[in-house]
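Report on the following structure.
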Amino acid sequence: MAAAATMLSIQGDWDQVLREAEGEVWVSCKIPGKPTIRGSLTSKGISSDEVPEVTASEEFVVQEVTKNRIPVSCPGENISCTFLSPYASFSHIHEKNVSYLDISSGGDLGVSSSTDQTFKVWETHNTEVKSVLEGHTRDVFSCKFFPSGQEVLSGGLDSLVKVWSVNDGSCLATMKGHRGSILDIAVVADGQNVISSGQDGTARLWDSAQGACIAVVDDSYSPINAIAVAEVGNAVNLGSPKETPSSREVGTEGKLVVLAREDKSLEGVSLHSRQSVFDFEGSDAFNCCTFISSVGVLAGGLDGNIIHVDIRNPKSAVETVSWSETPVLSLVPFRDTYVASYGNGTCYIPLKGSEQVLQLTGPNRQPVFQVAAWKKLVYTCCRDGFIRKYEIPDLG
């Protein structure tokens with residue numbers, strides 16, 4: 001198990017408070033095994049370009065403040081962090097917790113689901129709702145755009161996987177077969193085939209047009225909390241199918257599907273041959289997983305650990321990091337790094353080749369359930385009902 005890293009934290013609404021005269025926010029440095037260092041940042045006025053002039057208590061140093069970015073360091077512990085506030089925040093799309101979201105490949109549309117049992121497609125530039133997707137009888141746990149941006153895939157508590165039209169909100173196909181909640185979904189290639197995983201311990205490959213199950217890719221006793229699929233080519237031996245694949249199976253060759261399970265296992269299975277390629281045991285249940293390259297997989301655990309596994313040598317983790325002791329809820333590739341969200345409301349973007357991180361602020365200790373990225377923009381959804389939009393600066 002990875003030791004928790006020394007981390008800086010700041011009051012979630014720092015960008016608003018520090019725009020007020022003599023506005024003061026708390027800042028802290030949590031050091032494993034030592035007392036937490038606590039201090040404050042105080043606004044001494046606003047410059048002509050509306051940037052606050054900030055001073056720090058003696059344990060901390062602040063440099064180069066902008067409207068929505070503030071770099072803070074704790075010299076005594078040799079640690080620094082840049083905090084970034086949202087470019088925009090909106091809570092009118094849903095009335096309760098926003099549990100999942102995704103952004104289309106063109107960046108113009110978002111889709112999100114909520115515990116208020118609404119499921120909507122909206123325009124990212126003005127958050128105007130384009131269509132309401134009605135048909136699931138219970139909460140939607142996962143929703144993703146097809147590469148075309150014209151259809152949405154969803155799965156939820158009602159054990160159903162559905163395909164939707166973005167334009168008119170109509171349901172194009174419904175897939176039945178899981179014996180419990182759908183916990184995650186993935187689109188294969190252009191979307192003729194899709195994958196779902198569930199509480200029943202199965203991962204299923206579907207014909208998305210006909211709504212028919214092509215194959216059970218994996219069947220285990222443990223719930224599969226998350227899946228990720230990617231082209232890995234000849235990086236590993238994916239094996240050959242024992243039987244002739246169905247003519248409805250499209251684009252599965254050369255692809256590996258990673259299964260993140262409740263029983264602490266992370267397994268890679270050849271999507272075409274259905275053969276197990278690797279099986280890695282973690283320190284706690286895995287909540288999420290993603291590919292960061294054709295051979296690199298990240299998985300986030302209930303214990304706050306993020307493990308990096310090379311599928312060519314999966315016996316031990318390449319790296320294990322832990323920025324929080326709360327559960328890792330989402331992992332998304334971003335540029336040449338990734339975004340991780342946690343159960344305590346924090347989101348981190350590690351800077352490649354550095355021990356520093358960019359931390360996205362806004363939620364006040366409310367879980368950030370999901371992250372989506374498009375070019376320079378990162379979107380998050382949170383239990384507080386907000387969808388937040390961040391414009392990420394150059395990370396070089």
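In this structure, Thr124 and Tyr379 have side chains that are in contact, with non-hydrogen atoms separated by less than 4.5 Å. In this structure the side chain of Ser154 never reaches within 4.5 angstrom of the side chain of Tyr100, judged on heavy atoms. No side-chain heavy atom of Ile307 sits under 4.5 Å from any side-chain heavy atom of Ser283. By the 4.5 Å heavy-atom criterion applied to side chains, Thr252 and Pro245 are not counted as neighbours. You'll find the side chain of Lys389 stays beyond 4.5 Å of the side chain of Pro86, heavy atoms only. In this structure, the side chains of Lys67 and Asp15 stay at 4.5 Å or more apart for every pair of heavy atoms. Contact of the Asn364 side chain with the Asp384 side chain is not registered, since no non-hydrogen atoms from C-beta on lie closer than 4.5 Å. Using a 4.5 Å heavy-atom cutoff, the side chains of Leu238 and Val277 are in contact.
Under the 30°/60° scheme for interplanar angles, the aromatic rings of Tyr348 and Trp323 are found to be tilted. In this pair, His136 and Trp164 present their aromatic rings tilted. The plane angle is within the 30 to 60° band. Between Phe280 and Phe286, the ring-plane angle classifies as tilted under the 30° and 60° cut-offs.
Residues Asp218 and Arg261 are paired through a salt bridge, judged by an N-O separation under 4.0 Å between the basic side chain and the carboxylate. Taking 4.0 Å as the cut-off between side-chain N and carboxylate O, Asp13 and Arg19 do not count as a salt-bridged pair.
With rounding to the nearest 0.5 Å, the separation of CD1 in Ile46 from CD in Glu20 is 9.0 Å. Between atom CD of residue Glu281 and atom CG of residue Asp279 there is a gap of 8.0 Å, rounded to the nearest 0.5 Å. Here the straight-line distance linking atom CG of Asn287 with atom CD1 of Ile306 works out to 11.0 Å at 0.5 Å rounding. The CD1 atom of Ile93 lies 11.5 Å from the CZ atom of Phe386; values are rounded to the nearest 0.5 Å. With rounding to the nearest 0.5 angstrom, the CD atom of Glu391 is 10.5 Å from the CZ atom of Arg69. The distance from atom CG of Leu331 to atom NE2 of His308, rounded to the nearest 0.5 Å, is 11.5 Å.
Residues Gln359 and Thr346 have side chains that never bring a donor and an acceptor to within less than 3.5 angstrom of each other. In summary, the side chains of Ser222 and Ser220 do not present any donor paired with an acceptor at a separation below 3.5 Å, with no hydrogens or angles considered. Side-chain contact, His178 with Gln199: no donor N or O sits under 3.5 Å from an acceptor N or O. When only modelled atom types and interatomic distance are considered, Lys30 and Thr36 share no side-chain donor-acceptor pair under 3.5 Å. Side chains of Ser85 and Trp14: no donor on one and acceptor on the other come within 3.5 Å. Side-chain N/O atoms of Ser99 and Asn97 include no donor and acceptor closer than 3.5 Å. Counting only N and O atoms by type, the side chains of Ser265 and Asp263 include a donor and acceptor under 3.5 Å apart.
The 12-atom threshold is not exceeded at OH of Tyr87, counting heavy atoms of other residues, nucleotides or ligands nearer than 6.0 Å. For Asp49, the CG atom is densely surrounded, since the number of other residues' heavy atoms within 6.0 Å is greater than 12. No more than 12 heavy atoms of other residues, nucleotides or ligands sit less than 6.0 Å from atom CG of Asn78. Open room surrounds CD on Glu95; 12 or fewer heavy atoms of other groups in view lie less than 6.0 Å from it.
Checked by atom type and distance alone, the side chain of Ser341 never pairs as donor or acceptor with a backbone atom of Val371 at under 3.5 Å. Side-chain atoms of Ser208 do not come within 3.5 Å of backbone N or O of Val194 as any donor-acceptor pair. Within the 3.5 Å criterion, the main-chain N or O of Leu109 finds a donor-acceptor partner in the side chain of Ser104. Of the possible donor and acceptor atoms, none in the side chain of Ser9 sits under 3.5 Å from a partner among the backbone N and O of Ser28. A donor-acceptor distance shorter than 3.5 angstrom exists from the side chain of Tyr390 to the backbone of Thr361, with no hydrogens or angles considered. A donor-acceptor pair under 3.5 Å is absent between the side-chain atoms of Ser114 and the main chain of Thr118, judged by distance alone. Here the side chain of Ser131 pairs a donor or acceptor atom with the backbone of Val166 at under 3.5 angstrom. Side-chain atoms of Ser73 never come within 3.5 Å of backbone atoms of Pro75 as a donor-acceptor pair (strictly under, hydrogens ignored). Counting only distance, with no hydrogens or angles, the side chain of Ser294 and the backbone of Val232 share no donor-acceptor pair below 3.5 Å. Without hydrogens or angle criteria, Asn193 side chain to Arg248 main chain gives a donor-acceptor distance under 3.5 Å.
Linking Ile, Leu, Val, Met, Phe, Trp and Tyr whenever their side-chain heavy atoms come within less than 4.5 Å leaves Ile311 and Leu298 in two separate clusters. Criterion: ILVMFWY side-chain heavy atoms under 4.5 Å apart, direct or through other members. Under it, Ile31 and Met7 are not part of a common hydrophobic cluster. One hydrophobic cluster, built from ILVMFWY side chains closer than 4.5 Å, holds both Phe291 and Val295. Linking ILVMFWY side-chain heavy atoms closer than 4.5 Å, directly or via other members, places Val140 and Leu153 in two distinct hydrophobic clusters. Linking ILVMFWY side-chain heavy atoms closer than 4.5 Å, directly or via other members, places Phe60 and Val17 in a single hydrophobic cluster.
Applying the salt bridge (charged side-chain N to carboxylate O under 4.0 Å, His left out) rule to pairs touching residues 115-127 yields nothing, sequence neighbours excluded.
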Q) Which is it for Trp26 and Ser40 under the side chain to side chain contact (heavy atoms under 4.5 Å, CB included) test, yes or no, and what are the steps along the way? A) CA-CA 4 Å; Trp26 62 261; Ser40 61; 5.7 Å; no
Q. Checking salt bridge (Lys or Arg N to Asp or Glu O under 4.0 Å) for the pair Asp184/Lys144: CA distance, chi angles, key distance, verdict?
A. CA-CA 10 Å; Asp184 203 5; Lys144 293 177 182 176; 3.4 Å; yes
Q.
One pair to check against side chain to side chain contact (heavy atoms under 4.5 Å, CB included): Ser112 and His94. What are the steps and the verdict?
A. CA-CA 9 Å; Ser112 54; His94 300 285; 2.7 Å; yes
Q: Kindly determine whether Ser165 and Asn167 satisfy side-chain hydrogen bond (donor to acceptor under 3.5 Å, both in side chains), including the steps that lead there.
A: CA-CA 6 Å; Ser165 167; Asn167 292 325; 4.8 Å; no
**Q.** Evaluation steps, side-chain hydrogen bond (donor to acceptor under 3.5 Å, both in side chains), between Glu267 and Ser276
**A.** CA-CA 7 Å; Glu267 184 177 10; Ser276 180; 2.7 Å; yes
Q: Using the side chain to side chain contact (heavy atoms under 4.5 Å, CB included) rule, take Val332 and Gln370 through it: C-alpha gap first, then chi angles, then the decisive distance, then the call.
A: CA-CA 9 Å; Val332 174; Gln370 184 63 34; 4.1 Å; yes
Q.
Under the criterion side chain to side chain contact (heavy atoms under 4.5 Å, CB included), I'd like the reasoning laid out for Arg383 against Lys96: C-alpha separation, chi angles, the key distance, then a yes or no.
A. CA-CA 7 Å; Arg383 191 169 69 183; Lys96 293 184 179 180; over 6 Å; no
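Of the options Leu329, Val98, Thr380, Leu101, a side chain to side chain contact (heavy atoms under 4.5 Å, CB included) to Phe369 is made by Leu329 and by none of the others.
Side-chain heavy-atom separations under 4.5 angstrom define the hydrophobic clusters, and the remaining members of the one that includes Leu205 are Val188, Ile195, Ile214, Val217, Ile224, Ile227, Val229, Val257, Leu259, Val269, Leu271.
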